[in-house]
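Heads up, the thing below is written out as structure tokens.
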Protein chains: 2
Amino acid sequence: MNPTYESLKQELLNQDIKLSHQRLKILEFMASNVIHPTVDQVYQALHHEIPTLSKTTVYNTLNLFVEVGLCITLATEENEIRYDIHTFPHGHFKCKKCNQVYNVDIDSHAFTSKDLAHFEIHHQEVFYKGICEKCLLIQKL
Amino acid sequence: MNPTYESLKQELLNQDIKLSHQRLKILEFMASNVIHPTVDQVYQALHHEIPTLSKTTVYNTLNLFVEVGLCITLATEENEIRYDIHTFPHGHFKCKKCNQVYNVDIDSHAFTSKDLAHFEIHHQEVFYKGICEKCLLIQKL
DNA sequence: TTTCTTGTTTGTAATCATTACAGTCAATAT
DNA sequence: ATATTGACTGTAATGATTACAAACAAGAAA
């Protein structure tokens, strides 16, 4: 379902993007941690392993991935941008308790609205907020 | 369809919120300009009429309206928060050319997902991006 | 009217995410 | 070995938002 690290690497090569150490590490993190991280989360996860890593590089790299279509951005209401390597159409659910962002399968046919009949739609996003199953169970204890 | 200024005023009274001059002006602006404005847009629109108006007051007031359920917030990808007095479930479309945000009627039943069967959903938002009809016509000229 | 109390507004300063920029570094080609 | 190109880094700048304390307004009590 998720794209593999190898296929993503190939995609970068196809687009003539150099596979630098930093880029590969960030790509690897995104591919194996589908948690819709913020730039800071990526930086925190990697700067022990790459002590010279700069947060600017994380910004540059993730924005590059967005440009070439490897990632999409996700604006939660908390004024922070999250990056998602999961690029096929799907929705998101953010838990108000634990702040985790879940992927949600959506029937994309449900997306059409007659209000948009003459509009050109490039991107669509469905976003839910509430309490996730895990946190609901904890509440009941 | 949209709530009226008068009904919104009544709603504030019901919730024991004082009807100060600033609050009423901001409320009036939100009710008559359903353009999903940013804080800055509200401030720019009103500070000529209320020269002492502070941007902090606009923030405080709009966040108060959100707390009591008169407004909702809308996170566009540009790292800015917009405020919408239109509280019943609906979607949004943001034009990449003119940056205008349109309301879109949505059949909300279409968006239930089996992935969320045991989740508690408080809020749902459907967001489209692309080019609006107006800008498409201009392009063709 | 005066005083008191409560809550609102204001302006400045602080915070936080993001971007700009210029210098440094690394890899590859010549 | 040198030159060129592009990537990386760190600092500074920006812009939205929040924190905070002082000033202010309105109504209640004296």
Side-chain angles (χ1 to χ4, degrees), chain A residues 9 12-29 36-68 70-84 94 99 101, chain B residues 9 12-29 36-68 70-84 94 99 101:
Chain A
K9 231 166 80 176
L12 287 180
L13 281 175
N14 292 347
Q15 303 218 23
D16 275 329
I17 291 165
K18 301 246 170 69
L19 303 185
S20 73
H21 183 225
Q22 287 87 339
R23 284 176 180 166
L24 287 178
K25 281 294 177 185
I26 292 171
L27 183 66
E28 187 189 17
F29 180 83
H36 316 83
T38 62
V39 162
D40 196 60
Q41 282 178 291
V42 176
Y43 175 76
Q44 294 304 332
L46 295 179
H47 84 286
H48 297 111
E49 196 178 346
I50 315 171
T52 66
L53 182 66
S54 154
K55 208 178 264 192
T56 302
T57 298
V58 181
Y59 274 104
N60 288 342
T61 304
L62 288 176
N63 287 336
L64 174 71
F65 290 173
V66 170
E67 267 174 50
V68 302
L70 258 56
C71 286
I72 58 172
T73 58
L74 181 58
T76 66
E77 307 276 321
E78 284 77 21
N79 212 37
E80 67 185 2
I81 294 179
R82 289 169 175 271
Y83 292 81
D84 186 358
K94 177 163 182 179
N99 284 326
V101 176
Chain B
K9 231 165 81 175
L12 286 180
L13 281 176
N14 293 347
Q15 302 216 22
D16 275 329
I17 291 164
K18 301 248 168 68
L19 304 185
S20 73
H21 183 225
Q22 287 87 340
R23 285 177 181 165
L24 286 178
K25 280 294 177 187
I26 292 171
L27 183 65
E28 187 188 17
F29 180 83
H36 317 82
T38 62
V39 161
D40 196 60
Q41 282 179 292
V42 176
Y43 176 76
Q44 294 303 332
L46 295 179
H47 85 287
H48 296 110
E49 196 179 345
I50 316 171
T52 66
L53 183 65
S54 154
K55 208 178 261 193
T56 303
T57 298
V58 181
Y59 275 104
N60 289 341
T61 303
L62 289 176
N63 287 336
L64 174 72
F65 289 173
V66 170
E67 268 174 49
V68 302
L70 257 57
C71 288
I72 58 172
T73 58
L74 181 58
T76 66
E77 308 276 321
E78 283 77 21
N79 212 35
E80 68 185 2
I81 294 180
R82 290 170 174 272
Y83 291 80
D84 184 0
K94 179 164 182 176
N99 284 326
V101 176

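Reminder, nothing fancy here: chain letters follow the sequence lines and each chain counts from 1.
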Check: To the nearest Å, how far apart are Leu64(B) CG and dG7(C) C1'?
Finding: 12 Å

Next item on the list: Check side-chain contact (heavy atoms from CB on, under 4.5 Å) between Leu24(A) and all other residues, then give those that pass, not counting sequence neighbours.
Entry: Tyr5(A), Lys9(A), Leu19(A)

Note to self: Could you tell me how far apart Leu53(A) (CG) and dA7(D) (C1') are, to the nearest whole angstrom?
What the structure shows: 13 Å

Margin query: Output the rounded distance in Å from NE2 (His47(B)) to P (dG11(C)).
Written below: 11 Å

Next item on the list: Could you name each residue pair satisfying salt bridge (charged side-chain N to carboxylate O under 4.0 Å, His left out) that touches residues 13-24 of chain B, not counting sequence neighbours?
Entry: none

Next item on the list: Summarise protein proximity over nucleotides 15-30 of chain C in one line of letters, 5' to 3': B for base, S for sugar-phosphate only, - for none, counting protein heavy atoms closer than 4.0 Å.
Entry: --SBBB----------

Note to self: In this structure, how many angstroms lie between the C1' atom of dC8(D) and the OH atom of Tyr43(A), rounded?
What the structure shows: 13 Å

Check: Are any of Thr57(B)'s side-chain N or O atoms less than 4.0 Å away from OP1 or OP2 of dT10(C)?
Finding: yes

Margin query: Expressed as a whole number of angstroms, how long is the span from Asp16(A):CG to dA7(D):C1'?
Written below: 15 Å

Notebook entry, point to check: Just to confirm, is there a sub-4.0 Å distance from OP1 or OP2 of dT10(C) to any side-chain nitrogen or oxygen of Gln22(B)?
Noted result: yes

Checklist line | Sole residue of Leu62(A), Asp84(A), Val66(A) in side chain to side chain contact (heavy atoms under 4.5 Å, CB included) with Thr73(A) | finding: Val66(A)

Notebook entry, point to check: Can you check the Leu46(A) CG to dC8(D) C1' distance for me, whole Å?
Noted result: 15 Å

Check: Leu62(B) CG to dT9(C) P: how many Å, rounded?
Finding: 12 Å

Item checked: Out of dT10(C), dC8(D), dT9(C), whichever nucleotide has its closest atom nearest the side chain of Ser54(B) -> dT10(C)

Notebook entry, point to check: Val101(A): what forms a side-chain contact (heavy atoms from CB on, under 4.5 Å) with it, not counting sequence neighbours?
Noted result: His36(A), Leu74(A), Arg82(A), His92(A), Lys94(A)

Notebook entry, point to check: With sequence neighbours left out, which residue pairs that include part of residues 48-59 of chain A fulfil the side chain to side chain donor-acceptor pair (under 3.5 Å) condition?
Noted result: Lys25(A)-Glu49(A), Asp40(A)-Lys55(A)

Notebook entry, point to check: Reckon Ser20(B) has a side-chain N or O less than 4.0 Å from the OP1 or OP2 of dT8(C)?
Noted result: no

Check: Side chain of Gln44(A), backbone of Gln41(A): donor and acceptor closer than 3.5 Å?
Finding: no

Margin query: Going by the rule ring-ring contact (aromatic ring centres under 6.0 Å, His included), which residues pair with Tyr43(A) if we only count those two or more places apart in sequence or in a different chain?
Written below: His47(A)

